[in-house]
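First the proteins, then the strands, lettered A, B, ... as listed; each starts at 1.
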Amino acid sequence: MNFSKTITDWYRTYKRDLPWRKTTDPYCIWLSEIMLQQTRVEQGLPYYLKFTAAYPTVFDLAAAPEDEVLKLWQGLGYYSRARNLHHTARYVAEELGGRFPSSYKELLKLKGIGDYTASAIASISFNEAAAVVDGNVYRVLSRYFGVAIPVNASEGVKYFKELAGELIDRQDPATFNQAIMEFGAIQCSPRAPKCHECPLNDGCVALRDDKVQQLPVKIRKNSIRHRYFHYLVIEHDEYTVLQQRKHKDIWQHLYEFPLIEADGPLDKSDIEHHKEFRKLVGDSPFRLEQYGETVIHKLSHQHIHASFWVVYPGDPVNGTVRKSEVGAYPVPVLIANFVREYEF
DNA sequence: AAACCGGGGAA
DNA sequence: TTCCCAGGTTT
């Protein structure tokens, strides 16, 4: 039996029961695909349920304020996905009458939709034979065909895209695409693939040559950047201060306490004399104390060394929000963790 | 082509 | 600890 038939037969037996597999509505497929970018199914699933409940149609999502969308997205990471999602919802609702483009080529033009997502929506919703190539597909193909070309270099991207395009079932691309991804997630997993009970273990080159653990080949990336965030937690009666991150950096458009970023750790005296601190608190008397120990919040490419400094200013400060309202703002998990523990 | 963008879970 | 996840955008 050939590769594609084996994969789809396996899928029909072992596929997980997931909500976005009960529909071909491009809005639902789009929503699920954006959420699952670089995200495990188990992690994305509760967010998919929240979003489809809050926004049953693209018009509902388009009508929502950005802060509300970001709040629902809070904790899922890669927040540009949420901003692009919202932008594209408004475009589809207002410019396209709520109808998603129905081809790979047109879908690719939408913000937040790249090669993978355009292929996924085109195949699942519109039955177009556009091959998806995600991390699962790289793994399955590189192992089965014994291809050692690095998957995260331009040559590998092109090679595996073409290979997937040759293998795709042109009669049922929707099933094939989902099948090869599910197969990669469940059967041909990264660390401990179930080769002994694999329906493809006959023709698998990596298994034959004992190179399963060496494939797929990936080029090593950069090391971790360390950053030092010093947050000023204002305590003024029932008020505190939140600011929105506007610059092009992590957590864009999310909220946080007033921030002093430095090249390293700072002590109480450093904070007191810092320009940003003076700008916020002014020259009147104040009380300042550090809360807890420095927290190291780990992101993929950065380690954030975060310390929290509670400030009791003598005079009122600008930009205040009620402490009781802090939970309504979309914030990074780092801030959410602090708020949960600190309890104003 | 390479850098940047979150957070969590598995091994 | 390390790896990597239904990737996309920016530089």
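- Computed from coordinates, the A:Ile304 CD1 to B:dC4 P distance equals 13 Å when rounded to whole Å.
- Where A:Asp134 and A:Lys298 each meet DNA chain C at their nearest nucleotide, the meeting point lying more 5' is that of A:Lys298.
- A donor-acceptor contact under 3.5 Å links the side chain of A:His301 to the base of B:dC5.
- Salt bridge A:Asp169/A:Lys5: absent, no basic N to carboxylate O contact under 4.0 Å.
- Each of A:Leu76 and A:Glu42 was matched to the nucleotide of DNA chain B holding its nearest heavy atom; the match closer to the 5' end belongs to A:Leu76.
- At the phosphate of C:dT11, OP1 or OP2 sits under 4.0 Å from a side-chain N or O atom of A:Lys248.
- Between the CZ atom of A:Arg227 and the C1' atom of B:dC4 there is a distance of 11 Å, rounded to whole Å.
- Under the 3.5 Å distance criterion, with hydrogens and angles disregarded, a donor-acceptor pair is assigned to the side chains of A:Thr117 and A:Gln37.
- The residue A:Ser189 sits apart from the nucleic acid: no heavy atom pair falls under 4.0 Å.
- In this pair, A:Phe145 and A:Phe3 present their aromatic rings tilted. The plane angle is within the 30 to 60° band.
- Nucleic acid contact class of A:Gln302 (heavy atoms, under 4.0 Å, all strands): sugar-phosphate only.
- By the ring-ring contact (aromatic ring centres under 6.0 Å, His included) test, A:Tyr159 is found to be paired with no residue, residues two or more places apart in sequence or in another chain being considered.
- A ring-centre distance under 6.0 Å is found for A:Phe160 and A:Tyr138.
- Listed by residue number, A:Gln38, A:Thr39, A:Arg40 are the residues of residues 13-40 of chain A with a heavy-atom contact under 4.0 Å to DNA chain B.
- A straight line from CG of A:Leu85 to C1' of C:dA6 spans 15 Å, rounded to a whole angstrom.
- We find that A:Arg90 and A:Glu66 are not joined by a salt bridge, their nearest charged nitrogen and carboxylate oxygen being 4.0 Å or further apart.
- In A:Lys71, the NZ atom is crowded: over 12 heavy atoms of neighbouring residues, nucleotides or ligands sit closer than 6.0 Å.
- A donor and an acceptor atom sit less than 3.5 Å apart, one in the side chain of A:Arg191 and one in the base of C:dT2.
- The residue among A:Ser154 and A:Asn337 whose nearest nucleotide of DNA chain B is located toward the 5' end is A:Ser154.
- In this structure, CG of A:Asp249 is placed 11 Å from P of B:dC4, rounded to the nearest angstrom.
- For the P atom pair drawn from C:dA6 and B:dA11, the interatomic distance equals 13 Å after rounding to whole Å.
- Side-chain contact, A:Tyr14 with A:Glu182: no donor N or O sits under 3.5 Å from an acceptor N or O.
- Taking atom P in both C:dT11 and B:dG6, the straight-line distance is 15 Å, to the nearest Å.
- Among the nucleotides B:dG8, C:dA6, B:dG6, the one closest to any side-chain atom of A:Val333 is B:dG8.
- Applying the 4.0 Å criterion to OP1 and OP2 of B:dG7, one finds that A:His297 has a side-chain N or O inside that range.
- A:Gly75 comes within 4.0 angstrom of the backbone, heavy atoms only, and of no base.
- Heavy-atom nearest nucleotides on DNA chain C were determined for A:Pro216 and for A:Asp115, and the one closer to the 5' end corresponds to A:Pro216.
- Summarising the geometry, the separation between OH on A:Tyr79 and P on B:dC5 is reported as 14 Å, rounded to the nearest angstrom.
- Not one side-chain nitrogen or oxygen of A:Arg81 sits closer than 4.0 Å to the OP1 or OP2 atom of C:dT9.
- When distances run from any side-chain atom of A:Pro190 to the nucleotides C:dA6, B:dG6, C:dC4, the shortest one goes to C:dC4.
- Remark: the A:Tyr78 side chain and the B:dG6 base include a donor-acceptor N/O pair separated by less than 3.5 Å.
- In this structure, a donor-acceptor pair under 3.5 Å is present between the side chains of A:Thr57 and A:Asp60.
- Per the geometry, CD1 belonging to A:Ile219 stands 11 Å off P belonging to B:dA3, to the nearest Å.
- Distances shown here put every side-chain N or O of A:Trp73 at or beyond 4.0 Å from the OP1 or OP2 atom of B:dG6.
- Remark: P of C:dC4 and CE of A:Met181 are 19 Å apart, rounded to the nearest angstrom.
- For A:Thr117 against C:dG7, no side-chain N or O and base N or O form a donor-acceptor pair under 3.5 Å.
- Going from atom NZ of A:Lys109 over to atom P of C:dT9 covers 15 Å, rounded to whole Å.
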